[in-house]
Amino acid sequence: GESVGLHLPTLSVQEGDNSIINCAYSNSASDYFIWYKQESGKGPQFIIDIRSNMDKRQGQRVTVLLNKTVKHLSLQIAATQPGDSAVYFCAELSGGGADGLTFGKGTHLIIQP
Amino acid sequence: GAVVSQHPSWVICKSGTSVKIECRSLDFQATTMFWYRQFPKQSLMLMATSNEGSKATYEQGVEKDKFLINHASLTLSTLTVTSAHPEDSSFYICSARDLSRSYEQYFGPGTRLTVT
């Protein structure tokens with residue numbers, strides 16, 4: 001199937017700064033997008049999701065932006081903390097949820113003290 | 001709520017043997033469960049979709065005779081890696097879809113398989 005890709009494999013930010021993780025997707029039929037956080041040796045942890053009829057959604061310290069025109073998704077994390085260090089994946093879903101998720105390559109976020 | 005467990009969390013087996021991994025939804029019913037594989041420093045790749053009471057649907061390139069999936073109830077799916085080889089060593093992760101929320105998928109903690 002079509003893949004969801006990420007622009008940067010590693011992102012290093014200072015503690016307290018904001019971080020932005022980007023993702024490009026290629027399946028124009030995708031109607032649901034999710035960001036996951038994965039710590040070493042653990043399963044993915046849901047962060048935030050967005051449906052294709054929206055262009056922005058906010059959670060606690062996180063914001064997801066969706067630009068369907070250029071098929072771009074981003075995750076913004078405000079005031080990063082050491083606990084935010086992890087690999088972040090975007091994932092897309094099409095077909096009304098009947099199919100499994102297509103994951104992007106992942107970005108390793110490193111928080112510098 | 002929406003907790004998914006996997007057992008075992010890690011397993012080491014010898015080449016040629018079979019290993020069974022369980023995926024359970026603890027507090028919700030899951031008509032559909034998904035199995036993913038993740039190699040070190042790589043992303044998750046969907047292996048198969050498991051629907052309760054029916055045969056699993058495998059992704060292209062995944063051998064159904066090697067990765068046997070059984071979804072006998074609304075809370076349990078099993079993945080059996082048959083005749084395991086070192087190249088099957090990976091992190092296997094399941095997810096379960098909540099009946100009441102069409103898009104939500106909840107992930108298990110993963111099972112680390114090492115084949116020696």
Side-chain angles (χ1 to χ4, degrees), chain A residues 1-10 21 23-27 29-54 57 64 66 86-110, chain B residues 1-7 9-10 21 23-25 30-51 54 56-62 69 77 90-114:
Chain A
E2 295 179 273
S3 63
V4 179
L6 289 172
H7 295 305
L8 297 172
T10 303
I21 301 171
C23 177
Y25 66 94
S26 55
N27 186 353
S30 293
D31 52 11
Y32 180 58
F33 303 89
I34 316 103
W35 280 101
Y36 289 96
K37 172 186 180 183
Q38 187 180 31
E39 297 174 322
S40 182
K42 298 183 179 179
Q45 176 188 351
F46 174 91
I47 300 174
I48 192 168
D49 59 358
I50 189 168
R51 301 202 176 180
S52 58
N53 60 352
M54 303 172 68
R57 190 155 188 240
V64 55
L66 175 63
V87 177
Y88 290 81
F89 293 97
C90 62
E92 63 174 317
L93 188 65
S94 58
D99 299 329
L101 294 165
T102 299
F103 281 82
K105 293 191 176 81
T107 293
H108 186 193
L109 179 64
I110 299 171
Chain B
V3 178
V4 176
S5 70
Q6 282 185 239
H7 177 80
S9 56
W10 61 270
I21 302 170
C23 177
R24 293 181 185 272
S25 57
T31 52
T32 306
M33 290 183 172
F34 304 92
W35 287 95
Y36 297 83
R37 180 168 53 184
Q38 185 178 30
F39 293 109
K41 300 190 185 302
Q42 294 188 24
S43 188
L44 285 76
M45 295 295 293
L46 179 67
M47 297 176 66
T49 301
S50 166
N51 290 298
S54 62
T57 301
Y58 291 82
E59 294 299 301
Q60 191 173 10
V62 178
I69 292 172
S77 176
S90 187
F91 195 47
Y92 291 87
I93 308 169
C94 72
S95 72
R97 186 163 67 96
D98 190 320
L99 267 176
S100 62
R101 305 179 192 180
S102 61
Y103 289 102
E104 297 280 354
Q105 285 188 32
Y106 301 94
F107 281 85
T111 296
R112 172 75 59 193
L113 170 64
T114 302

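Convention: sequence-line order gives letters A, B, ...; per-chain numbering from 1. A quick note: this is a predicted structure, and the numbers were derived from the prediction, not measured.
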(message) Are B:V62 and B:W35 packed together at the side-chain level, in the sense that at least one heavy-atom pair is separated by less than 4.5 angstrom?
(response)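 The answer is no; the side chains never approach within 4.5 Å.
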(request) For the residue pair A:F89 and A:F103, categorise the inter-ring angle as parallel (less than 30°), tilted (30 to 60°) or perpendicular (more than 60°). (result)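 Aromatic pair A:F89/A:F103 classed perpendicular.
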(message) Do B:R37 and B:Y92 form a cation-pi contact, if we require the NZ or CZ to be under 6.0 Å from the six-membered ring centre and within 45 degrees of the ring's axis?
(response)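 Judged by the rule (NZ or CZ under 6.0 Å from the ring centre, within 45° of its axis), B:R37 is not positioned above B:Y92.
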(message) Using the ring pair (Phe, Tyr, Trp, His ring centres under 6.0 Å) criterion, which residues pair with A:F33? Sequence neighbours excluded.
(response)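 Ring pair (Phe, Tyr, Trp, His ring centres under 6.0 Å) list for A:F33, sorted by chain: A:Y25.
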(request) Name the region of B:Q38, side chain, backbone, both or neither, that has any atom closer than 4.5 Å to a heavy atom of chain A. (result)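 For B:Q38, the contact with chain A is made by the side chain alone.
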(message) With a 4.5 angstrom heavy-atom cut-off, is it the side chain or the backbone of B:I93 that approaches chain A, or both, or neither?
(response)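 B:I93 touches chain A through side-chain heavy atoms alone.
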(request) Please look at A:Q38 and chain B and tell me whether the side chain, the backbone, both or neither of the residue comes under 4.5 angstrom of a heavy atom of that chain. (result)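 The side chain, not the backbone.
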(message) Please classify the contact between A:I34 and chain B as side chain, backbone, both or neither, with a heavy-atom cut-off of under 4.5 Å.
(response)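 Nothing of A:I34, per the 4.5 Å heavy-atom cut-off to chain B.
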